[in-house]
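Take a look at the structure set out below.
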Number of protein chains: 2
Amino acid sequence: MKRPYHHGDLPAALLRAAGEILRSEGLPALTLRAVARRAGVSHMAPAPHFGDLSGLLSELAAIGYGLFNDTLRQAQDHPGHRSVPTATAHAYVAFARTEPAMFLLMFRSERLDFGRPALAAAAAEATRLLMRSLPANASKPDVPSPATLGRAVGQWSVVHGFAMLLIDGRLDGILAAPECDGDVDRLLDLALAS
Amino acid sequence: MKRPYHHGDLPAALLRAAGEILRSEGLPALTLRAVARRAGVSHMAPAPHFGDLSGLLSELAAIGYGLFNDTLRQAQDHPGHRSVPTATAHAYVAFARTEPAMFLLMFRSERLDFGRPALAAAAAEATRLLMRSLPANASKPDVPSPATLGRAVGQWSVVHGFAMLLIDGRLDGILAAPECDGDVDRLLDLALAS
DNA sequence: ACGCCTATCTATACGATGTATAGAACGGAG
DNA sequence: CTCCGTTCTATACATCGTATAGATAGGCGT
């Protein structure tokens, strides 16, 4: 049962290990050496595939954006009883709640390299999906009116800020209030209604 | 010109050095050893005063919240041509733009210890100021109506999300568009108008 | 005035991390 | 079959946070 010298598909195995560590132990535990340990290789094995740490984190974040985009797409295709923008907002917050560490990794650009094609494409697709959920400018869809632009940025900002504050525990006190009774979706609806 | 063995007021000197490093070199450069180096003491000198790293970061964040609260207060007392909530929003974003590293430190609770009285008090005062900028519930100011609660959380979320996305560079593409022409305040006004 | 006691600061050590480098093992091209 | 580049290992180094032990100084009781 000796592992062969060449792994076969080490990049995929490393990304899988990184994802597991990120989910189970959080962002601070996501180190290069820990990933290599979990994948059962030496701590310098990732180098030929990902370069340095930011390389691995960026590829992992690209995968995260892929899942994120899937979530947004599904919410927009099947908004249920909600409007499309509201459904998108709930999907956004739900992703941040389900995968908080991944969400933080994705929106913490300091350790990420957006020069990587995979990450750049996935992140661009995410913003495209977020902008799509808004009523387009009829005359020229490529050049949105200031009002449309403001609505897009405003919508994104509310949802992103809500998710960030929520993950950071800043809304815990408010969530405990009897008005929402710990119901995050209800509080989000209240916030969106303003 | 030999420095005495006992510094005199090492805690203040360390916090000053930490603030300088944070401003000039950013959050990742803010290490315990770097702070001690800049203050001219051994790297274990901070321990008796701040305990571990999170202690020093928390006290520095408390100072940051103090400046932040001053900014908010001044905007609310002298809103100028803007409404009080809008002036508060602009002050919020202006602080994040002027001191991005400090802003990130303050809203990155993972390395902070909110058990520290100074930090807990300063952060609580910040949320109080943010909630104050909204029309209070006339009948029972302590128990806000759901609509008021929603408006408070919504307002905070937009502004926080806008600031976070801005600092992270996520709005750079939109800012370059001709509608706002790089004017952050204008884009914020558009976002708030939605 | 004197001696101890505690807080403060230094020196040293240890494990962990990211990265650079050199060398070993493999796989495919000629 | 040989060579060569890719992949992986082994080792080394600087840096970080922290634990521990020892040096220094200021304050307090006597």
Side-chain angles (χ1 to χ4, degrees), chain A residues 1-18 20-22 24-61 101 104-105 108-113 115-116, chain B residues 1-18 20-22 24-61 101 104-105 108-113 115-116:
Chain A
M1 193 48 204
K2 193 65 165 51
R3 211 172 293 259
Y5 194 94
H6 282 56
H7 184 284
D9 196 2
L10 187 55
L14 288 171
L15 288 173
R16 183 153 26 90
E20 291 166 2
I21 292 175
L22 183 61
S24 61
E25 303 174 48
L27 193 49
L30 186 58
T31 68
L32 254 179
R33 294 174 106 108
V35 171
R37 261 193 308 266
R38 178 173 263 262
V41 293
S42 82
H43 69 275
M44 283 307 292
H49 305 286
F50 298 101
D52 57 357
L53 175 63
S54 78
L56 186 109
L57 296 186
S58 299
E59 295 301 322
L60 183 60
L104 289 180
L105 172 67
R108 208 110 118 189
S109 42
E110 64 208 29
R111 309 174 76 189
L112 261 41
D113 177 14
R116 296 219 158 216
Chain B
M1 193 49 205
K2 193 62 166 49
R3 209 174 296 258
Y5 194 94
H6 281 58
H7 184 284
D9 196 3
L10 186 55
L14 288 171
L15 287 174
R16 184 153 26 89
E20 291 167 2
I21 292 175
L22 183 61
S24 61
E25 302 174 48
L27 193 48
L30 186 59
T31 67
L32 254 179
R33 295 174 105 109
V35 171
R37 258 193 308 266
R38 178 173 263 262
V41 294
S42 80
H43 70 275
M44 284 304 293
H49 305 286
F50 298 102
D52 56 358
L53 175 62
S54 79
L56 180 86
L57 295 186
S58 299
E59 296 301 322
L60 183 61
L104 289 180
L105 172 67
R108 208 109 121 187
S109 41
E110 63 208 30
R111 309 174 76 189
L112 261 41
D113 177 13
R116 296 220 158 214

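Naming convention: chains lettered A, B, ... in sequence-line order (proteins, then strands); numbering from 1 in each chain. What's counted below: heavy atoms across the whole structure, side chains too, no hydrogens, waters or symmetry copies.
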Write out a two-atom table: protein N or O, nucleotide N or O from nucleotides 13-18 of chain D, distance below 3.5 Å.
residue, atom, partner, partner atom, Å
D/dC16, OP1, B/R37, NH2, 3.4
D/dC16, OP2, B/R37, NH1, 3.4
D/dG17, OP1, B/L32, N, 2.9
D/dG17, OP2, B/L32, N, 3.1
D/dG17, OP2, B/R33, N, 3.2
D/dG17, N7, B/R33, NH1, 2.4
D/dG17, O6, B/R33, NH1, 3.0
D/dT18, OP2, B/L53, N, 2.9
D/dT18, O4, B/R33, NH1, 3.4
D/dT18, O4, B/H43, NE2, 2.8

Considering only nitrogen or oxygen atoms on both sides, find all protein atoms under 3.5 Å from nucleotides 3-6 of chain D and state each distance.
none

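For the atom pair B/L56 CG and B/T31 OG1, the distance stands at 10.0 Å (nearest 0.5 Å).
Partners of B/R108 according to the salt bridge (charged side-chain N to carboxylate O under 4.0 Å, His left out) rule, which considers only residues two or more places apart in sequence or in another chain, are A/E110. In terms of the side-chain contact (heavy atoms from CB on, under 4.5 Å) criterion, residue partners of A/A12 (sequence neighbours excluded) are, by chain and number, A/D9. For B/L112, the side-chain contact (heavy atoms from CB on, under 4.5 Å) partners are B/L57, B/S58, B/A61, B/L105, B/F114, B/L119, not counting sequence neighbours.
Residue pairs meeting the salt bridge (Lys or Arg N to Asp or Glu O under 4.0 Å) criterion with at least one partner in residues 43-58 of chain B, sequence neighbours excluded, do not occur; the list is empty. Sequence neighbours left out, not one pair with a member in residues 39-48 of chain B passes salt bridge (Lys or Arg N to Asp or Glu O under 4.0 Å).
Across all their heavy atoms, B/A29 and B/I21 have their closest contact at O-CG2, 3.6 Å.
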Less than 3.5 Å apart, which donor and acceptor atoms pair up between the side chains of residues 33-51 of chain B and the rest of the protein, not counting sequence neighbours?
residue, atom, partner, partner atom, Å
B/R33, NH2, B/H43, NE2, 3.4
B/R38, NH1, B/E20, OE1, 2.3

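At whole-Å resolution of the value, CG in A/D9 and C1' in C/dG27 are 16 Å apart.
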